[in-house]
Amino acid sequence: MCLAIPGKVLSVSPVADEVNRPAVVSFGGIRRDVNLCFVPQAQPGDYVLVHVGVALSVVDEAEAEETFRYLKQIGELDELGPESEEAPGSPAPQKARPAPPKSAQA
Amino acid sequence: MKHLTEYRDARLVKRLLERLRKTVSKKWHIMEVCGGQTHGLVRHGILDMLPPEISMIHGPGCPVCVTPVSHIDTAVSLALDHNVILCSFGDMLRVPGSSGSLLQARAQGADVRVVYAPYEAVQLAQQQPDREVVFFAVGFETTAPANALSVLQAHQLGLKNYSLLTAHVLVPPAMTAIMSDPETRVNAFLAAGHVCAVTGMQVYEPFVKRWQVPVVVTGFEPVDLLQGICTAAELLESSRAELVNQYRRAVHPEGNPFAIKTADAVFEKSLREWRGIGEIPESGLRLRSVWSAFDAFQKFGINPELPAASTAAQQQQCRSGEVMKGLIKPAQCQYFGTGCTPETPLGAPMVSSEGACAAYYQYVGGWHHES
């Protein structure tokens with residue numbers, strides 16, 4: 001019930017108001033009409049997480065890459081042997097970090 | 001598909017499993033809150049790959065499973081007796097009420113339609129002004145903003161024939177109810193990623209402080225789930241009760257303020273009955289009085305707090321409460337796979353695609369007798 005699927009914003013209608021911001025989003029080639037009124041910062045080319053026809057957040061590409069950099073790193077470190085002193089499971093513990101300039105900040 | 005398939009990379013899954021095996025030194029019970037996470041764990045066979053020290057407990061995060069019989073009965077009676085067009089997400093159709101399901105009501109001629117977005121129900125109301133359209137608004141904080149938005153959209157279109165039958169539930173009170181149960185064995189939680197994409201993470205800080213258990217906001221793909229489990233295990237092994245965000249690509253600490261504002265404008269918190277668990281204060285949402293014209297309970301004169309009789313009727317055999325509190329695994333229920341199957345479900349966890357019992361039946365074959 002809570003599943004949200006990432007899709008790429010192809011186009012955004014110029015006609016929008018507080019409850020409707022119509023856009024076309026591609027899910028691996030399948031195009032759907034999606035309402036982007038909860039993510040006013042989303043632009044064509046961005047990836048958004050869509051749930052029951054509405055986008056809930058913009059996928060933060062920088063975070064996605066950082067997660068992968070970390071995951072690759074734990075592979076090399078484990079092969080080396082000694083445990084690293086990293087924070088558990090995430091590249092840097094995310095306490096109340098200031099909002100990144102252009103990202104999921106809605 | 002970008003931001004999806006790369007999180008199903010088998011090499012990364014193996015690495016995370018190796019790290020997990022090196023991390024754990026004793027038995028830990030970790031609850032994944034969301035039914036979507038339960039389904040991801042079972043569907044990808046992750047449960048069988050985990051070291052024996054890790055026992056996953058399937059939480060109450062399946063809104064279909066926790067919808068009380070009384071709400072199903074209300075939807076069925078609206079469809080059958082009030083000549084409405086009853087719109088619902090697909091997974092609500094087969095859930096058994098005390099007098100049958102919405103699917104059975106449809107078979108008896110009721111106008112029950114499946115929608116993928118609440119806005120489709122609004123469009124239906126616009127196309128058929130002489131028919132009353134009722135949308136069965138079920139779901140957690142993830143779905144509440146879109147359902148609230150449909151009320152604002154119907155209002156903007158001046159529609160008088162659209163209303164919500166609201167059955168919303170909230171995650172934090174359910175997690176508190178689970179930790180308050182003396183029988184609970186949960187040591188850490190994987191918080192529901194998409195709920196947090198809306199609400200943000202800060203709402204869990206008081207929970208972590210009070211119960212001193214780690215909470216890891218986690219996504220839904222294999223790499224997400226395993227990274228979440230690894231993080232929880234590392235925190236448990238080092239006795240650190242912290243709130244960590246694994247699902248950083250989708251969840252911002254403050255959540256989505258536009259979605260929060262919309263949901264708050266239309267809904268307010270209310271007492272809610274959870275099927276199999278009981279009543280939990282402030283754990284549901286109802287329409288604010290200013291939007292009563294869109295409230296099916298008021299429009300059709302239905303008392304949302306139906307007498308306990310219909311709750312007692314529901315206690316029959318289904319042990320969904322014990323499954324959802326992590327006291328038993330689906331296969332440990334005596335009805336699992338015999339009296340209770342997807343074709344003859346005794347309760348919602350066997351019907352809903354995100355229910356623990358349906359996931360075990362479909363993917364595990366029900367032979368998971370681990371305690």
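Since the structure is predicted, the reported quantities are computational estimates derived from the model, not experimental observations.
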Derivation and outcome, side chain to side chain contact (heavy atoms under 4.5 Å, CB included), residues B:Gln227 and A:Thr67: CA-CA 10 Å; B:Gln227 191 180 14; A:Thr67 298; 3.6 Å; yes
Is it the case that A:His51 and B:Thr143 place a side-chain donor and acceptor less than 3.5 Å from each other? yes
Could you measure the distance from the [atom1] atom of [X] to the [atom2] atom of [Y]? Nearest 0.5 Å is fine.
| X | Y | atom1 | atom2 | answer |
| --- | --- | --- | --- | --- |
| B:Lys261 | A:Glu18 | NZ | CD | 4.5 Å |
| B:Glu141 | A:Cys2 | CD | SG | 8.0 Å |
| B:Leu149 | A:Asn20 | CG | CG | 7.0 Å |
| B:Tyr247 | A:Leu49 | OH | CG | 4.5 Å |

Identify which part of A:Val19 has an atom lying under 4.5 Å from any heavy atom of chain B, answering side chain, backbone, both or neither. both
Residue, of B:Ala259, B:Gly40, B:Ala146, that accumulates the most heavy atom pairs under 4.5 Å with chain A: B:Ala259
Quick check on the interface: out of B:Pro145, B:Gly228, B:Ala232, B:Ala197, who has the most heavy-atom pairs with chain A under 4.5 Å? B:Pro145
Quick check on [X] against chain A: is it the side chain, the backbone, both or neither that has a heavy atom closer than 4.5 Å?
| X | result |
| --- | --- |
| B:Glu6 | both |
| B:Thr262 | side chain |
| B:Val223 | side chain |
| B:Phe220 | side chain |
| B:Val195 | side chain |

Within the 4.5 Å heavy-atom criterion, are [X] and [Y] side-chain neighbours or not?
| X | Y | result |
| --- | --- | --- |
| B:Phe89 | A:Val52 | yes |
| A:Cys37 | B:Phe258 | no |
| A:Asp60 | B:Arg248 | no |

Listed once per pair and sorted, the side chain to side chain donor-acceptor pair (under 3.5 Å) pairs that draw on residues 23-37 of chain A, sequence neighbours left out: none
Any chance NE2 of B:His44 has more than 12 other-residue heavy atoms, nucleotides or ligands included, within less than 6.0 Å? yes
Other residues, nucleotides, ligands: >12 heavy atoms within 6.0 Å of B:Arg21 CZ: yes
Taken in chain and number order and not counting sequence neighbours, the residues that satisfy side-chain contact (heavy atoms from CB on, under 4.5 Å) with A:Glu61 are A:Tyr47, A:Glu65, B:Lys2, B:His3
Ignoring hydrogens and angles, tell me if any N or O in the side chain of A:Ser57 forms a donor-acceptor pair with the backbone of B:Ala250 under 3.5 Å. yes
